[in-house]
Amino acid sequence: MLVLFETAAGYAIFKVLDEQKLQQVDSLWKEFETPEKANKVVKLKHFEKFQDTTEALAAATAMVEGKLGKSLKKVLKKVVAKEAHEQLAITDVKLGGVIKVNASYHLLAELMRGIRNQMEGLITGLPAREISAMSLGLAHSLSRYKLKFSPDKVDTMIVQAISLLDDLDKELNNYIMRCREWYGWHFPELGKIITDNLAYCKSVRKIGDRTNVASMELSDILPEEIEAEVKLAAEISMGTEVSEEDIANIMHLCDQVIEITEYRSQLYDYLKNRMMAIAPNLTVMVGELVGARLISHAGSLLNLAKHPASTVQILGAEKALFRALKTRRDTPKYGLIYHASLVGQTTAKNKGKISRMLAAKSALAIRYDALGEDTNAEMGVENRAKLEARLRYLEEKGIRRIMFFHPRCLDLTSRQHF
């Protein structure tokens, strides 16, 4: 029996000297305790060394995909073809199917483990340092290849961007709340007058102490009527006096809020462009934020494409679903898809219907984006138009039903009969 053994340095063909020992699976490891014992079980027949890392990478990627590489074909023609009467043993099931060999893979696993433990003694002329260096180089090259060419990794940037966007929103809320509460001790009326958070922080950053408001020009931040209201409130403010050091710290916090807000807008534009490039039809159907959250929740666009429409509809509401199943109550009608504009603009009565139809069309759009060759959004635009028409029909149907059952309408119809 011949055994094919793959290493980072090349392919090795071993000949089994005593096949009867292979039948003793439980005690086979004892035959590989030392290099001397291992040489009595298997013997190196041929070793085909890789010329460089590029050849090793090509062979490794072909083996991962279950294909027959050029270097492996060369070895099989050179060694195995000469001894056609010998059986070739291979551990990889996919590769075994390509070469069409039959072997006991459980038994080979024990044999391969023994060969790997005594590899330095069995493969002569290959120092341990060289094997280690080639293993490290092949591992790095294979990782780079997978990250570069794997279709699953294209949407990794979307997953990271939407996660960072959610984190920034949480931090901004905390910072703004702290800023309003902190500066509110000095000028409490300003928080009620200016409701926009960014405008509030810019105003605080420019004003500083409230006594400066009278001589301060805020027209570049606030409208005229609000500016006049701020100046009037500063004159009769009930706030306490604070030191310059306190004002400096509050202004530094305002700087942080303004910087994070600007970065968030840049990140949102980046996310919008990435979504239109990777999943244009899904973006048209549910929007870039909901689409990115669906991709992030599923792990990748390809994983999301494997989900049926019923799963897409309740994706993000897993806790509510299992709670409903456990308590035998009604299951949720929507998850993350609830935040889509089509679901939000309909009435509460029709939200379940629209979310179901939107999930069905979105599932088609996701598969088209993940597996299709085109990168246009024509299908998404067409399906969204159909959903909007259906939404208008449902809304008009509800209005007509209300008008038909109105007491005055019933009174008029009864008079016509008489």
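Values below: every heavy atom of this structure, side chains too, minus hydrogens, waters and symmetry copies.
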I would like to know whether Arg367 and Ser362 meet side-chain hydrogen bond (donor to acceptor under 3.5 Å, both in side chains); could you show each step before the answer?
CA-CA 9 Å; Arg367 290 164 193 168; Ser362 298; over 6 Å; no
Ignoring hydrogens and geometry, is there a side-chain-to-backbone donor-acceptor pair from Asp369 to Leu282 under 3.5 Å?
yes
Heavy atoms of Phe14 and Ile123 approach each other most closely as CZ-CG1, 3.9 Å
Measure across Val312 and Leu294 and return the closest heavy-atom pair with its distance rounded to 0.1 Å.
O-CD2, 4.3 Å
Thr61 side chain to Ala58 main-chain N or O, any donor-acceptor pair under 3.5 Å?
yes
Rounded to the nearest 0.5 Å, what's the gap from CG on Leu198 to CD on Glu262? Could you check?
7.5 Å
Run the salt-bridge test on Lys30 and Glu33 with the 4.0 Å N-O cut-off and return the result as yes or no.
no
Please check this pair: side chain of Asp209 against backbone of Asn212, looking for a donor-acceptor N/O pair closer than 3.5 Å.
no
Do Glu245 and Ser243 have side-chain N/O donor and acceptor atoms under 3.5 Å apart?
no
Would you call Met379 and Val284 a side-chain contact if the rule is heavy atoms closer than 4.5 Å?
no
Heavy-atom closest pair (Ile158 atom, Ala292 atom, distance to 0.1 Å) is CG2-CB, 3.8 Å
Side chains of Thr7 and Phe47: closer than 4.5 Å at any heavy-atom pair?
yes
Given side chain to side chain contact (heavy atoms under 4.5 Å, CB included), test Glu189 with Met238 step by step and report yes or no.
CA-CA 8 Å; Glu189 294 82 5; Met238 300 293 292; 4.0 Å; yes
Check this for me: Glu225, atom CD, are more than 12 non-hydrogen atoms of other residues, nucleotides or ligands nearer than 6.0 Å?
yes
Please check: side-chain N/O of Arg210 versus main-chain N/O of Phe187, any donor-acceptor pairing under 3.5 Å?
no
Rounded to the nearest 0.5 Å, how far does CD1 of Ile314 lie from CZ of Arg356?
13.0 Å
Which atom of Asn39 lies closest to which atom of Gly121, heavy atoms considered:
ND2-O, 4.2 Å
Quick one, Tyr200 and Asn197 - any side-chain contact, counting heavy atoms below 4.5 Å?
no
Residues forming a ring-ring contact (aromatic ring centres under 6.0 Å, His included) with His186, sequence neighbours excluded
Tyr183
Derivation and outcome, side chain to side chain contact (heavy atoms under 4.5 Å, CB included), residues Val381 and Asn281:
CA-CA 7 Å; Val381 173; Asn281 292 286; over 6 Å; no
Rounded distance (nearest 0.5 Å) linking atom CG of Leu315 with atom CD of Gln313:
11.0 Å
So that I can tick it off, tell me whether Arg264 and Glu259 are bridged by a salt bridge, with the cut-off set at under 4.0 angstrom between side-chain N and carboxylate O.
no
Output all residues satisfying ring-ring contact (aromatic ring centres under 6.0 Å, His included) with Tyr338, sequence neighbours left out; order by chain, then residue number.
Tyr334
Any side-chain heavy-atom pair from Leu122 and Phe5 closer than 4.5 angstrom?
no
Report yes if the side chains of Leu394 and Met357 come closer than 4.5 Å at any heavy-atom pair, otherwise no.
yes
Using the side chain to side chain contact (heavy atoms under 4.5 Å, CB included) rule, take Ile295 and Ser300 through it: C-alpha gap first, then chi angles, then the decisive distance, then the call.
CA-CA 5 Å; Ile295 293 172; Ser300 68; 5.5 Å; no
Please check if the number of heavy atoms outside Lys353 that lie under 6.0 Å from its NZ is greater than 12.
no
For Glu378, does the CD atom sit with more than 12 other heavy atoms under 6.0 Å from it, leaving out its own atoms?
no
Pairing of Arg392 and Glu396 as salt bridge, 4.0 angstrom limit:
no
Is there a donor-acceptor contact under 3.5 Å from the side chain of Arg274 to the main chain of Met157?
no
Side-chain contact test, heavy atoms from C-beta onward, threshold under 4.5 Å: evaluate it for Leu289 versus Met275 and give yes or no.
no
Working to the nearest 0.5 Å, report the span between CD1 of Ile207 and SG of Cys254.
10.0 Å
Within the structure provided, determine whether His140 and Leu136 are in side-chain contact (heavy-atom separation under 4.5 Å).
yes
Would Asp52 and Glu55 satisfy side chain to side chain contact (heavy atoms under 4.5 Å, CB included), going step by step from the backbone distance to the final call?
CA-CA 6 Å; Asp52 50 16; Glu55 186 180 355; 3.4 Å; yes
Please determine whether salt bridge (charged side-chain N to carboxylate O under 4.0 Å, His left out) holds for the pair Lys49 and Glu130, giving the CA-CA distance in whole Å, both sets of side-chain angles, and the decisive distance to 0.1 Å.
CA-CA 12 Å; Lys49 188 178 179 181; Glu130 187 175 351; 2.5 Å; yes
Kindly say whether Phe32 contributes a backbone atom to a donor-acceptor pair with the side chain of Gln118 at under 3.5 angstrom?
yes
Is Asp220 paired with Lys202 through a side-chain N to carboxylate O contact shorter than 4.0 Å?
no
Would you indicate whether the side-chain heavy atoms of Val42 and Leu17 approach each other to under 4.5 Å?
no
Please confirm whether the backbone N or O of Cys179 pairs with a side-chain atom of Glu181, one donor and one acceptor, at under 3.5 Å?
no
Around atom CG of Asp269, are there more than 12 heavy atoms from other residues, nucleotides or ligands closer than 6.0 Å?
yes
Once rounded to the nearest 0.5 Å, what's the spacing between atom NZ of Lys192 and atom CZ of Arg180?
12.0 Å
Give the minimum heavy-atom separation between Val343 and Ile337, together with the two atoms involved.
CG2-O, 3.6 Å
Compute whether any side-chain donor of one residue and acceptor of the other, for Glu224 and Ser219, lie under 3.5 angstrom apart.
no
Taking Asp169's backbone N and O only, do any of them form a donor-acceptor pair with Asn173's side chain (distance below 3.5 Å, no angle check)?
yes
Donor-acceptor contact below 3.5 Å, side chain Ser237 vs main chain Ala233
no
Backbone of His307 reached by a side-chain donor or acceptor of Thr311 within 3.5 Å
no
dist Ile221:CD1 -> Asp196:CG (nearest 0.5 Å) comes out at 11.0 Å
Which heavy atom of His297 sits nearest to which heavy atom of Glu318, and what is that distance?
NE2-OE2, 2.9 Å
